[in-house]
There are 2 protein chains.
Amino acid sequence: MINNFSTLPEAGENCPMVSFVNLISGKWAIPILYRLIVIDEPVRFSDLQRAVYPITQKELTRQLRQFESRQLVTRQVFAEVPPRVEYQITELGKSLRPTLDSLAQWMRENGEQLGK
Amino acid sequence: MINNFSTLPEAGENCPMVSFVNLISGKWAIPILYRLIVIDEPVRFSDLQRAVYPITQKELTRQLRQFESRQLVTRQVFAEVPPRVEYQITELGKSLRPTLDSLAQWMRENGEQLGK
DNA sequence: CAGGATCCCTACTGATACTG
DNA sequence: CAGTATCAGTAGGGATCCTG
């Protein structure tokens with residue numbers, strides 16, 4: 001059969017990219033992960049929000065919860081006043097670094113050409 | 001100043017990742033581009049839709065228009081009956097291949113650990 | 001076949017206000 | 001400070017009908 005791309009081994013639901021967008025979903029997912037990877041140390045919520053500007057508080061909270069459940073980020077709460085919560089990228093999360101570095105580099109080289 | 005990550009050179013709006021998610025947006029963007037890159041030849045609309053299953057017709061159309069405007073994909077219409085329209089990844093689009101291959105490989109290696 | 005158009009509905013995203 | 005609550009808008013999805 002010719003041109004039956006849908007029967008390729010990794011097409012459709014078996015595509016790693018479809019899995020990716022289903023497991024690591026949301027507009028801000030990549031920018032947040034990349035920022036945590038670059039910082040590579042514990043960051044407070046508000047510091048992180050400023051670094052991923054202009055993300056909203058709600059969205060950052062939601063994404064961090066998602067990453068926590070996926071073992072990509074750790075969350076540590078300190079019993080202090082004022083409250084302090086620190087987020088840090090995990091080893092699993094760090095393993096995304098080469099890929100995300102590559103994506104960042106691609107954007108630096110081609111962002112201009114993409115217009116707008 | 002300590003922990004002022006928001007003043008890093010590529011933080012916030014200057015982050016290449018924020019640019020990326022603004023220029024190449026939508027849940028299906030990466031799966032579609034990856035599929036077109038792997039196929040690496042002209043594909044008809046309906047073949048592409050089957051290969052990126054389960055994307056809807058509406059969403060595939062919308063994304064392809066976006067990619068066309070960003071010079072990532074070409075669209076060629078044939079004056080035939082029945083009509084034929086073929087989409088193909090551009091050189092600019094292909095330059096994303098190493099990055100997307102890396103992402104796909106990461107998913108193959110770590111998808112299991114991400115759960116669900 | 002490749003879409004455009006419509007309706008309808010849910011999920012995601014954002015802005016703002018409020019709380020322990 | 002680090003959230004939660006609320007409201008509202010936008011994006012995405014499913015189904016159906018239509019046209020060149």
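Values reported hereafter were calculated over all heavy atoms of this structure, with side chains retained and with hydrogens, waters and symmetry mates removed. Order of the sequence lines sets the chain letters (A, B, ...), proteins ahead of strands, with each chain counted from 1.
- Computed from coordinates, the B:Q49 CD to D:dG13 P distance equals 12 Å when rounded to whole Å.
- Mapped onto DNA chain D by nearest heavy atom, A:T61 and A:P83 fall at different nucleotides, with A:P83 at the one closer to the 5' end.
- When every heavy atom of B:P31 is checked against every heavy atom of B:V52, the shortest pair comes out as CB-CG1, 4.2 Å.
- Distances shown here put every side-chain N or O of A:Y87 at or beyond 4.0 Å from the OP1 or OP2 atom of D:dC1.
- One hydrophobic cluster holds both B:L8 and B:M17 under the rule that ILVMFWY side chains link at heavy-atom gaps under 4.5 Å.
- The side chain of A:S46 contributes an N or O atom lying less than 4.0 Å from OP1 or OP2 of D:dA2.
- You'll find a donor-acceptor pair under 3.5 Å spanning the side chain of A:Q57 and the base of D:dG3, going by distance alone.
- Here B:K27 does not reach the OP1 or OP2 of C:dA11: none of its side-chain N or O atoms lies under 4.0 Å away.
- Nucleotide D:dG3 holds its P atom 9 Å from the CG atom of A:L60, rounded to whole Å.
- A close approach under 4.0 Å does not occur between any side-chain nitrogen or oxygen of A:R65 and OP1 or OP2 of D:dA2.
- Rounded to an integer number of Å, the gap from A:E59 CD to D:dG3 P is 14 Å.
- The side chain of A:R44 contributes no N or O atom lying less than 4.0 Å from OP1 or OP2 of D:dC1.
- Between the side chain of B:R35 and the backbone N or O of B:L48, no donor-acceptor pair lies under 3.5 Å.
- With rounding to whole Å, A:Q66 atom CD is found 14 Å from C:dT13 atom C1'.
- Protein atom CZ of A:R84 is 13 Å distant from nucleotide atom P of D:dC1, rounded to whole Å.
- In terms of phosphate contacts, A:W28 brings no side-chain nitrogen or oxygen within less than 4.0 Å of OP1 or OP2 of C:dC12.
- One atom, CZ of A:R62, and another, P of D:dT6, lie 18 Å apart when rounded to the nearest Å.
- Both B:V85 and A:I55 lie close to DNA chain C; mapped to their nearest nucleotides by heavy-atom distance, the more 5′-ward contact belongs to B:V85.
- For A:Y53, the OH atom counts as loosely surrounded, since its 6.0 Å shell holds 12 or fewer non-hydrogen atoms of other residues, nucleotides or ligands.
- As rounded to whole Å, 14 Å separates atom P of C:dC1 from atom CD of B:E86.
- If you take CD1 of B:I24 and C1' of D:dA11, they are 18 Å apart, rounded to a whole angstrom.
- Under a 4.0 Å N-O distance rule, the pair A:E10/B:R108 qualifies as a salt bridge.
- Note on B:R75: a side-chain N or O is less than 4.0 Å away from OP1 or OP2 of C:dG3.
- If you check D:dG12, D:dG13, C:dG20 against the side chain of B:K58, the one that comes closest is D:dG13.
- Considering only side-chain atoms of A:P82, the nucleotide from D:dG13, D:dC1, D:dG3 that sits closest is D:dC1.
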